[in-house]
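Letters go in sequence order (proteins before strands), and every chain restarts at 1. Since this is a predicted model, take the numbers as computed values, not measurements. FYI, side chains are in, hydrogens and waters are out, and symmetry mates aren't considered; it's all heavy atoms of this structure.
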Protein chains: 2
Amino acid sequence: MEELKKFGLKATLPRLRILQLLETNNQHHMSAEDVYKALLDVGKDIGLATIYRVLTQFEAAGLVIRHHFDDNSSVFELNAGHHHDHLLCIKCGKVIEFVDDVIEEHQRTIAKQHGFKITNHYLYIYGVCSTCYDKRNIT
Amino acid sequence: MEELKKFGLKATLPRLRILQLLETNNQHHMSAEDVYKALLDVGKDIGLATIYRVLTQFEAAGLVIRHHFDDNSSVFELNAGHHHDHLLCIKCGKVIEFVDDVIEEHQRTIAKQHGFKITNHYLYIYGVCSTCYDKRNIT
DNA sequence: ATGTATGCAAAACATTTGCACCTGG
DNA sequence: CCAGGTGCAAATGTTTTGCATACAT
């Protein structure tokens, strides 16, 4: 909880609560709105503006990663230290995390060939998961 | 130009102009605002709302691909038929397109392992290009 | 003609910011 | 105590929508 101090951020209640929520929530990917509602549900009324500010600071501190999935809003996930990519179901919203060393290696090679210093990279594979696919003709 | 009809879209002036712009513009990646301004510059005053509507229809028709780059706005590019990924400079905005067969193959494998039917996928590598990197201590 | 498209202005969102008040160290 | 943090409401930027008018077929 005190990793906040490493980044010169005071350990305030809103920050601690948001961090704790991200650490314990079983859906790792949350929008600012999701965080807001989840905290409200637990009786913690933290302003949405503060949530945006805190998440943005967390992102700058490297505690959190911001993604721009297909819709026009941002989702945040705790930076667990190990980079991973995402496989997303467009029907049910399921998110699967994965790592493929060969893909990682090829990305580095491509960046090098073009003279780029990589800062970060995102791979999103969208599709329909087996559960949703099986249901396709049922309803 | 008449690929519009294939999708049940009337060949109206705004659509033809937007399509033509995307086909001829040397920057392949344009936001709705970019398209709006580019057309204005050529004396074609097409409402921004129409541009959004047309680009969205083009996307649905598969004529255009919509990307959500790091900022919170959408950019569109003509679907040239051959899928490719993107390498982006965070300093100057340069965009390089590339294809890596090994990466593509591994993506298919991963999706299959998880029982997903891929609909599409996006790989964005962000970094600093050599030009910007060389300039880093100059200014 | 007639169903579709467009333009404009207003609405809907997601996100950011200004400012007075509160709080952690 | 005091710098930094928060809440609220207003501002911003992007994208969507309602509706009357204009256009392609």
Side-chain angles (χ1 to χ4, degrees), chain A residues 1-22 29-40 42-61 63-77 93, chain B residues 1-22 29-40 42-61 63-77 93:
Chain A
M1 316 300 172
E2 308 312 326
E3 53 247 86
L4 292 177
K5 294 182 181 160
K6 286 189 224 157
F7 302 102
L9 297 175
K10 282 186 188 172
T12 62
L13 279 177
R15 287 182 184 145
L16 291 174
R17 285 172 179 160
I18 292 171
L19 190 50
Q20 187 198 26
L21 173 66
L22 291 174
H29 303 81
M30 307 183 79
S31 67
E33 192 79 27
D34 292 337
V35 171
Y36 178 68
K37 287 184 192 149
L39 289 173
L40 256 193
V42 193
K44 320 291 186 190
D45 192 344
I46 296 176
L48 190 50
T50 298
I51 295 188
Y52 274 105
R53 274 186 290 235
V54 169
L55 288 172
T56 301
Q57 292 161 342
F58 284 5
E59 184 194 12
L63 278 173
V64 143
I65 294 172
R66 181 192 293 242
H67 293 283
H68 301 277
F69 289 164
D70 244 1
D71 48 44
N72 285 334
S73 76
S74 300
V75 297
F76 301 83
E77 77 174 317
Chain B
M1 315 301 171
E2 308 311 329
E3 52 248 85
L4 292 177
K5 293 183 181 160
K6 286 188 222 158
F7 301 101
L9 298 175
K10 284 185 187 171
T12 62
L13 278 177
R15 288 185 183 142
L16 291 173
R17 284 171 180 161
I18 292 172
L19 189 52
Q20 186 198 27
L21 173 66
L22 291 173
H29 302 82
M30 308 185 79
S31 67
E33 192 78 28
D34 292 338
V35 171
Y36 177 69
K37 288 185 191 147
L39 289 173
L40 257 193
V42 193
K44 319 291 187 189
D45 192 344
I46 296 177
L48 189 50
T50 298
I51 296 188
Y52 275 105
R53 275 186 290 235
V54 169
L55 288 173
T56 302
Q57 292 160 343
F58 283 5
E59 184 193 13
L63 278 173
V64 143
I65 294 172
R66 179 193 297 241
H67 294 283
H68 300 277
F69 289 165
D70 244 3
D71 49 43
N72 284 334
S73 75
S74 300
V75 298
F76 301 83
E77 77 175 317

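- Here CG of A/L22 is found 10.0 Å from CD of A/E77. Values are rounded to the nearest 0.5 Å.
- Residues forming a side chain to side chain donor-acceptor pair (under 3.5 Å) with B/S31 (at least two apart in sequence, or on another chain): B/D34.
- Scanning for side-chain contact (heavy atoms from CB on, under 4.5 Å) contacts around B/S74 gives A/N72, B/R66, B/H68, B/F76, with sequence neighbours left out.
- Straight-line distance from the CG atom of A/N72 to the P atom of C/dA12: 18 Å, rounded to whole Å.
- Of all nucleotides in DNA chain D, those with any atom nearer than 4.0 Å to a heavy atom of chain A start and finish, going 5' to 3', at D/dA3 to D/dT15.
- Not counting sequence neighbours, B/D45 has no partner by the side chain to side chain donor-acceptor pair (under 3.5 Å) test.
- As a whole-Å value, the separation of A/R17 CZ from C/dT23 C1' is 13 Å.
- Rounded to an integer number of Å, the gap from CG of A/D71 to C1' of C/dT15 is 14 Å.
- Taking five base pairs at each end of the helix from C/dA1-D/dT25 to C/dG25-D/dC1, the local helix axes there meet at an angle of 30°, rounded to 10°.
- Partners of A/A38 according to the side-chain contact (heavy atoms from CB on, under 4.5 Å) rule, which considers only residues two or more places apart in sequence or in another chain, are A/L21, A/M30.
- With sequence neighbours excluded, the residues forming a side-chain contact (heavy atoms from CB on, under 4.5 Å) with B/L13 are B/R17, listed by chain and number.
- Residues meeting the side chain to side chain donor-acceptor pair (under 3.5 Å) test with B/R53, sequence neighbours left out: none.
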Under 4.0 Å protein heavy-atom contacts per nucleotide of nucleotides 2-9 of chain C, with B for base, S for backbone only and - for none: -BSSSBBB
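- For the pair B/R15 (side chain) and B/V54 (backbone), a donor-acceptor distance under 3.5 Å is absent.
- With sequence neighbours left out, the side-chain contact (heavy atoms from CB on, under 4.5 Å) criterion links A/K37 to A/E33.
- Using a 4.0 Å heavy-atom criterion, one finds that A/S74 contacts the sugar-phosphate atoms exclusively.
- Look at OH on B/Y52: it is 15 Å from C1' on C/dA11, rounded to the nearest Å.
- What you find for A/L4 and A/A11 is that their closest heavy atoms are CD1-CA, 4.0 Å.
- Looking at every heavy atom in both residues, B/Y36 comes nearest to B/I51 through CA-CD1, 3.4 Å.
- In this structure, CZ of A/F69 is placed 17 Å from C1' of C/dA14, rounded to the nearest angstrom.
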